**Q** 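Have a look at this one before I ask anything.
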Amino acid sequence: MSRKQRKRKEQRAKRAARKTQRDPGPAVELAAAPYAGRKVPLERLDATRFRVPQTGAMRTHGVVYADERTLPDLAEDRCLEQVANVATLPGIVGPSLAMPDIHWGYGFPIGGVAAFDPDEGVVSPGGVGYDINCGVRLLAAEVTASELKRELPELVDALFAAVPAGVGSARRELGLDPAGLQALMRDGLGWAVGRGLADEEDAERVEEGGRLQTADPAQVSERALARGLNQVGTLGSGNHFAEVGVVDEVYDEVAAAAYGLRLGQVTLMIHSGSRGLGHQVCTDFLADMLRASERYGIPLVDRQLCCAPVRSEPGQRYLGAMGAAANYAFVNRQVMTHWARQLFAERYGCGLRTVYDVCHNIAKFETHAFEGSERELLVHRKGATRALPAGHPLVPAAYREVGQPVIIPGDMGRYSFVLRGAANSGRSFGSACHGAGRLLSRAAAKRRYGGENVAARLRKERGVIVRGASRATVVEEVPEAYKDAAEVVGIVHDGGLAERVVRIRPLGVVKG
DNA sequence: ATGTGC
């Protein structure tokens, strides 16, 4: 081992030790993980699905959506062990599922879907993630790419100025106080409609109507409130972005027409979440949930799976706080939408219509057909998108004949996709993938591309204009750090979870 | 993801 490798290894060990020390709550006795340290076997079910066999403490099997080309990526990290670990939790209904963009996450894998019985099952912050209701809003502009092309650099600059981006990005002009913030979290998109920041059509075209009714702002800590006060309408960092794109391929004319999307049309995609507020809610409740796991005798194979019975007092409090943070995220994306609308109106005299807005990180009560009967379930989606098929009553009336729009952002160099929820999505409790999925860790991307000017290369090679709040983030988000979104989307399409409607090519990107 | 790690 070289000196450099050894140093890196020591640094990793140190970081891991610090992380363990930081972990909140009491020491918890852990049960044996089903595949601890062993290679997780995968049994082929069909062209797009593999089974993780039930073993040890697992209460059900796992199902992983993948194909030969993405299988080697899965072996790279321990995400398949996490799929098996989730299957050990009480009250899980159906398999522990993984979408084709699965990768390692906190406790639950990112790209994981797990449904729980409301009476027998649990709710877990690890099944939602730190960025509660991270999600994507897709907007359609009444302008074509050729009309806008010359002014693109100015447009990206103007967007960069209009939407605060980066770690700690803040905005004061909404003038919220803690009570106002609580009202915002209670009413979600209704709050924005009441203040002229949204119209009724927006609310119809946001998942859940832009308001989780389980929200209980009283469960959000003062610290979380303080962090959230000045961050409504801000992008954040990491993989969050606001991206101007153009529809460059239409696969399904009927569905595209229903969504109001046509070839050459300009789009704006906003990817953000609940910022510091949601992060703080997650942090606050991890400690609670660890205590609850002990109190209710829930055997854990990983302390990051800490959870509480859905109907228990701590479970209800988490659901209340999580719902409040989710509503905050809906409003966050809406306020950025409002500012982008002002900008498009001033510059082009055109509108920006909400196509749809989906959650990526959420636990929600939903009714799904399971083994022949309709059941109310608490569905955890962590890095997964709801994908309801045609005819489902929760799909907005204008889209009901074609199915719910499923917005799948890819990397900032290649393309993103819009799909429609399809007939087999019942197999995944109405879910599909949420993105391309990382190929390189942030650290690996930095090592490989840290020396070059990624933004300049994207402009030269692909004509994409990138403005980032931080150069480091742009490097971490280099297209080569992601899988080909077309491949991931292909698995979801072939598996019948969601079907391709249009492809969107990026023109200009604002990054955190 | 995150006032990004003590």
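Bear in mind the structure is a predicted one, so any value in this text is a computation, not a measurement. Just so it is clear: chains get the letters A, B, ... in the order the sequence lines come, proteins before strands, and each one is counted from 1.
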**Q** Whole angstrom is fine here: how far is it from OH in A:Y328 over to P in B:dT2?
**A**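 It is 11 Å, rounded to the nearest whole Å.
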**Q** In chain order, what residues pass the side-chain contact (heavy atoms from CB on, under 4.5 Å) check against A:P299, with sequence neighbours excluded?
**A**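 A:P299 satisfies side-chain contact (heavy atoms from CB on, under 4.5 Å) with A:R59 only.
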**Q** Residues from residues 128-135 of chain A sitting under 4.0 Å of DNA chain B, heavy atoms only?
**A**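 The answer is A:Y130, A:D131.
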**Q** Could you tell me whether A:K364 and A:E207 make a salt bridge, using a distance below 4.0 angstrom between a side-chain N and a carboxylate O?
**A**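 Yes, A:K364 and A:E207 are salt-bridged.
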**Q** Whole-Å distance between B:dT2 P and A:L277 CG?
**A**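 The distance from CG of A:L277 to P of B:dT2 comes to 12 Å, rounded to the nearest Å.
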**Q** Can you list everything that forms a side-chain contact (heavy atoms from CB on, under 4.5 Å) with A:D187? Sequence neighbours excluded, please.
**A**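 Checked A:D187 against side-chain contact (heavy atoms from CB on, under 4.5 Å); matches are A:W191, A:R211.
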**Q** For A:N332 and B:dT2, what is the distance between atoms CG and C1' respectively, to the nearest whole Å?
**A**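 So the two atoms are 14 Å apart, to the nearest Å.
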**Q** Quick one: list whatever passes ring pair (Phe, Tyr, Trp, His ring centres under 6.0 Å) with A:H279, sequence neighbours left out.
**A**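 Ring pair (Phe, Tyr, Trp, His ring centres under 6.0 Å) check on A:H279 returns A:Y130.
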**Q** Under the side chain to side chain donor-acceptor pair (under 3.5 Å) definition, can you give me all pairs with a residue in residues 80-94 of chain A, not counting sequence neighbours?
**A**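 Sorted result for residues 80-94 of chain A: A:R78-A:E81.
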**Q** Over all strands shown, is A:E476 touching base, sugar-phosphate only, or nothing at heavy-atom distances under 4.0 angstrom?
**A**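 If one applies the 4.0 Å heavy-atom cut-off, A:E476 turns out to touch nothing in the nucleic acid.
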**Q** Quick one: side-chain contact (heavy atoms from CB on, under 4.5 Å) partners of A:I110, sequence neighbours excluded?
**A**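 For A:I110, the residues satisfying side-chain contact (heavy atoms from CB on, under 4.5 Å) (neighbours in sequence not counted) are A:H103, A:K382, A:H434.
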**Q** Which residue pairs satisfy the side chain to side chain donor-acceptor pair (under 3.5 Å) criterion with at least one member in residues 89-99 of chain A, sequence neighbours excluded?
**A**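 Counting only pairs at least two positions apart or across chains, no side chain to side chain donor-acceptor pair (under 3.5 Å) contact touches residues 89-99 of chain A.
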**Q** Would you kindly give the NE2-to-P distance between A:H279 and B:dG5, to the nearest whole Å?
**A**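 From A:H279 NE2 to B:dG5 P: 8 Å.
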**Q** Heavy atoms under 4.0 Å, any strand shown: does A:R442 hit a base, just sugar-phosphate, or nothing?
**A**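 Since only primed, P, OP1 and OP2 atoms lie under 4.0 Å of A:R442, the category is sugar-phosphate.
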**Q** With heavy atoms under 4.0 Å as the rule, sort A:G238 into base, sugar-phosphate or nothing.
**A**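 Here A:G238 touches the backbone only, sparing every base.
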**Q** Using the ring pair (Phe, Tyr, Trp, His ring centres under 6.0 Å) criterion, which residues pair with A:F116? Sequence neighbours excluded.
**A**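 Result, ring pair (Phe, Tyr, Trp, His ring centres under 6.0 Å) vs A:F116: A:H380.
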**Q** Wobble G-U and Watson-Crick pairs count when both distances are under 3.5 Å; given that, what is the 5' to 3' dot-bracket string of DNA chain B, with | for pairing to other strands?
**A** ......
**Q** Within the structure shown, what part of the strands sits under 4.0 Å from A:S274 by heavy-atom distance: base, sugar-phosphate, or nothing?
**A**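 The residue A:S274 makes no contact with any strand.
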**Q** Assess whether a salt bridge exists between A:E366 and A:R381, defined as any Lys/Arg side-chain N lying under 4.0 Å from an Asp/Glu carboxylate O.
**A**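 Counted as a salt bridge, because a side-chain N and a carboxylate O are separated by less than 4.0 Å.
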